[in-house]
Amino acid sequence: MDKTLKQKLKISACRIRMGAVEGVYNAKSGHPGGSLSAADLFSYLYFKEIRVNPENPKDPNRDRFVLSKGHTCPGLYAALALKGYFSESELKKLRHIGAMLQGHPDMKGTPGIDMSTGSLGQGISAACGMALAGKMDGKDYRVYSLLGDGELEEGQVWEASMFAGHHHLDNLCLMVDINGLQIDGATADVAGPEPIDEKFRAFGFDVQTIDGHDFDEIEKAFEHAKTVKGKPSVILAKTVKGKGVSYMENVAGWHGKAPNDEQYETAMRELKQTLAGLEAE
Amino acid sequence: MAEMIKKATRESYGLTLCELGEKFPQIVVLDADLAEATKTGMFKKKYPERFVDCGIAESNMVGVAAGLSTCGKIPFATSFAMFSTGRAFEQVRNSVCYPHLNVKIVGTHAGISVGEDGATHQCLEDIALMRTLPGMTVICPSDHYETAAAVRAAVEHQGPVYLRLSRLAVESFNNADDYRFELGKGITLRDGKDITIVATGLMVCRALEAAKLLEQKGIDARIINIHTIKPIDRELIVKAAKETGKIVTVEEHNVIGGLGDAVAAVLSEELPTPLRKIGVNDQFGHSGPAVDLLDEFGLCAPHIAEVTEKFLK
């Protein structure tokens with residue numbers, strides 16, 4: 001990947017992490033762990049990959065993004081604010097009464113949200129519907145959807161995957177944020193969704209496994225996905241839950257908990273340091 | 001008067017979709033491996049490029065319909081009522097109604113008149129489930145003509161709609177010159193001053209028959225067809241309560257949460273009125289021929305007349 005671009009994406013990812021922590025801290029609730037693990041993917045999607053225009057969020061020809069793991073919207077909201085869909089000041093009002101930013105994505109109230117999600121397993125089906133509509137209408141937009149590895153325990157994910165494979169939805173690109181943790185502990189201990197690659201392959205997907213924090217690998221995977229014909233793609237991104245905030249990394253307890261004042265200070269100090277380092281590069 | 005048509009409302013649905021398919025290229029019909037039974041197969045034959053068989057996966061079907069609607073399609077997600085509203089209830093709630101998407105949920109084979117398939121397939125809860133959802137319009141047409149009008153209204157209405165249909169053929173009667181279908185407006189099919197019977201779906205023609213039986217006993221019953229259970233025609237119901245003093249409701253549904261409760265809610269708030277609910281009394285159905293089951297569960301003209309007569313005494 002181009003060095004300047006990589007630096008830009010790393011900076012965006014760090015800002016997304018800061019926005020997510022800011023949101024969850026001010027809301028005194030929400031889901032930081034999965035927002036942080038997916039921050040690099042959000043950065044890549046919104047600042048390299050998808051064709052969207054914040055000035056015209058309902059453009060019928062735009063690419064679509066469905067956050068099937070809707071609870072990690074603090075990360076998505078931060079990305080949308082950074083992209084210019086709405087003011088970054090909205091992030092501090094996340095989950096407040098009367099706020100635009102709901103606890104889970106609300107397509108009616110938030111520009112840039114293509115589907116209301118939050119009940120796991122449902123976003124992927126809507127993404128399939130969007131991809132199918134694109135095929136029916138001969139449009140060239142692509143549909144992206146991000147799932148969690150815990151979410152793969154929902155049966156609907158596999159109904160939708162069978163559908164995507166059967167209908168050869170090669171305009172659909174799924175990502176799975178494989179951070180290995182869910183509320184009750186390690187995914188391997190709770191219900192064991194692995195082997196995830198073999199499952200998607202069996203459902204007719206082109207499967208790639210990457211380091212979800214390595215922009216070279218992320219770029220390669222998304223570029224490859226665009227060349228796949230006749231079948232849907234899935235990018236399995238191995239990530240670290242809570243990535244970027246030392247005490248949150250790889251701790252299941254940070255799935256759905258807000259930092260207290262001291263923890264917030266620590267998190268922001270660390271992220272600001274990271275940002276300063278990136279900007280100095 | 002046109003010739004008498006006896007058709008199941010599911011068949012009228014299939015025929016009407018085919019009719020509307022040309023004028024409304026946005027219509028997409030989805031089914032879950034039941035196209036023969038739900039009659040969406042007719043649309044599949046005529047417009048194969050706009051028919052999506054989702055396989056036996058109703059939850060995904062509703063989600064796919066939601067996604068299609070965000071891209072300007074008018075999807076009709078169709079299965080037996082048990083599955084399109086029961087199996088996929090949460091998808092209808094969160095993927096369709098919460099974002100108020102333009103998705104039409106269709107449940108054929110509603111009620112015990114499914115017949116031989118028995119309790120697992122005889123959905124008696126769908127009206128209750130669908131009317132609790134904010135922004136959902138709930139329609140239960142009573143015959144061929146009304147189904148045709150309801151499907152058209154569903155296409156023209158922007159927002160989620162639940163269409164409740166039946167397996168059993170029913171005699172058509174909504175073909176009077178002044179018949180007019182309007183969402184949310186009930187229809188007084190027979191004027192009467194002694195009591196009002198409010199019915200929906202297949203029970204409307206039985207209520208009309210019951211009125212004839214009551215007439216022989218000197219009872220003048222008003223018959224109201226409530227094809228739109230939500231939003232319900234409050235004005236017409238209150239007017240009937242005011243003018244006839246007592247109300248009987250009839251539905252092929254659990255007496256909990258259906259038409260009877262919707263009418264009771266209106267009356268208790270606006271004009272408390274004595275009311276009797278005829279329906280399935282909080283129990284499951286069982287296998288048997290449809291007409292025999294309807295008789296057994298009291299969803300027949302003689303029983304409606306009997307309850308009404310006793311209620312008046």
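Chain identifiers are assigned alphabetically (A, B, ...) following the order of the sequence lines, protein sequences preceding nucleic acid strands; residue numbering begins at 1 within each chain.
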(message) Checking A:Gln156 against B:Ser59: is there a side-chain donor and acceptor pair closer than 3.5 Å?
(response) no
(request) Might you point out which heavy atoms bring A:Glu159 and B:Asn60 nearest each other, and give the distance in Å? (result) OE1-N, 2.9 Å
(request) Answer with side chain, backbone, both or neither: which region of B:Gln26 has an atom nearer than 4.5 Å to a non-hydrogen atom of chain A? (result) neither
(request) Taking the side chain as every heavy atom from C-beta outward, state whether B:Lys73 and A:Met136 have any atom pair closer than 4.5 Å. (result) yes
(request) Inspect the surroundings of CZ in B:Arg87 and state if more than 12 heavy atoms from other residues, nucleotides or ligands are less than 6.0 Å away. (result) no
(message) For B:Cys71 versus A:Arg64, what's the shortest heavy-atom pair and its separation?
(response) SG-NH2, 3.8 Å
(request) Answer whether the closest heavy-atom distance between the side chains of B:Tyr98 and A:Asp106 falls below 4.5 Å. (result) yes
(message) Quick check: do B:Leu101 and A:Met115 have side-chain heavy atoms less than 4.5 Å from each other?
(response) yes
(message) Within the supplied structure, the quantity of interest is the number of heavy atoms (other residues, nucleotides, ligands) at a distance under 6.0 Å from B:Lys44 NZ; does it exceed 12?
(response) no
(request) Pick one of side chain, backbone, both or neither for B:Glu49, based on which atoms fall under 4.5 Å of a heavy atom in chain A. (result) backbone
(message) Is it the case that atom NZ in B:Lys7 sees more than 12 heavy atoms from other parts of the structure closer than 6.0 Å?
(response) yes
(request) With a 4.5 angstrom heavy-atom cut-off, could you sort out which part of A:Ala160 is near chain B: side chain, backbone, both or neither? (result) both
(request) Step through the shown structure and confirm whether more than 12 heavy atoms of other residues, nucleotides or ligands are within 6.0 Å of NE2 on A:His166. (result) no
(message) I'd like to know if the side chain of A:Ser119 pairs up with that of B:Glu90 as donor and acceptor (distance under 3.5 Å, no hydrogens or angles considered).
(response) yes
(message) More than 12 heavy atoms of other residues, nucleotides or ligands under 6.0 Å from NZ of A:Lys139: yes or no?
(response) yes
(request) Measure B:Val52 against the heavy atoms of chain A and call it side chain, backbone, both or neither at under 4.5 Å. (result) side chain
(message) Tell me whether B:Glu116 at atom CD has more than 12 heavy atoms from other residues, nucleotides or ligands lying less than 6.0 Å away.
(response) yes
(request) Of all the heavy-atom pairs spanning A:His167 and B:Asp53, show the shortest one and how long it is. (result) NE2-O, 4.0 Å
(request) Tell me, yes or no, whether the heavy-atom count around B:Glu36 atom CD, taken from other residues, nucleotides or ligands under 6.0 Å, exceeds 12. (result) no
(request) Mind listing the closest non-hydrogen atom pair of B:Thr70 and A:Asp114 along with its distance? (result) CG2-O, 4.2 Å
(message) Measuring from atom CG of B:Leu68 to atom CG of A:Asp137, what distance do you get when rounded to the nearest 0.5 angstrom?
(response) 9.5 Å
(message) So for atom NZ, which belongs to A:Lys28, do other residues, nucleotides or ligands contribute more than 12 heavy atoms lying within a distance under 6.0 Å?
(response) no
(request) Search all heavy atoms of B:Pro99 against all heavy atoms of A:Met107 and return the closest pair with its distance. (result) CB-SD, 3.5 Å
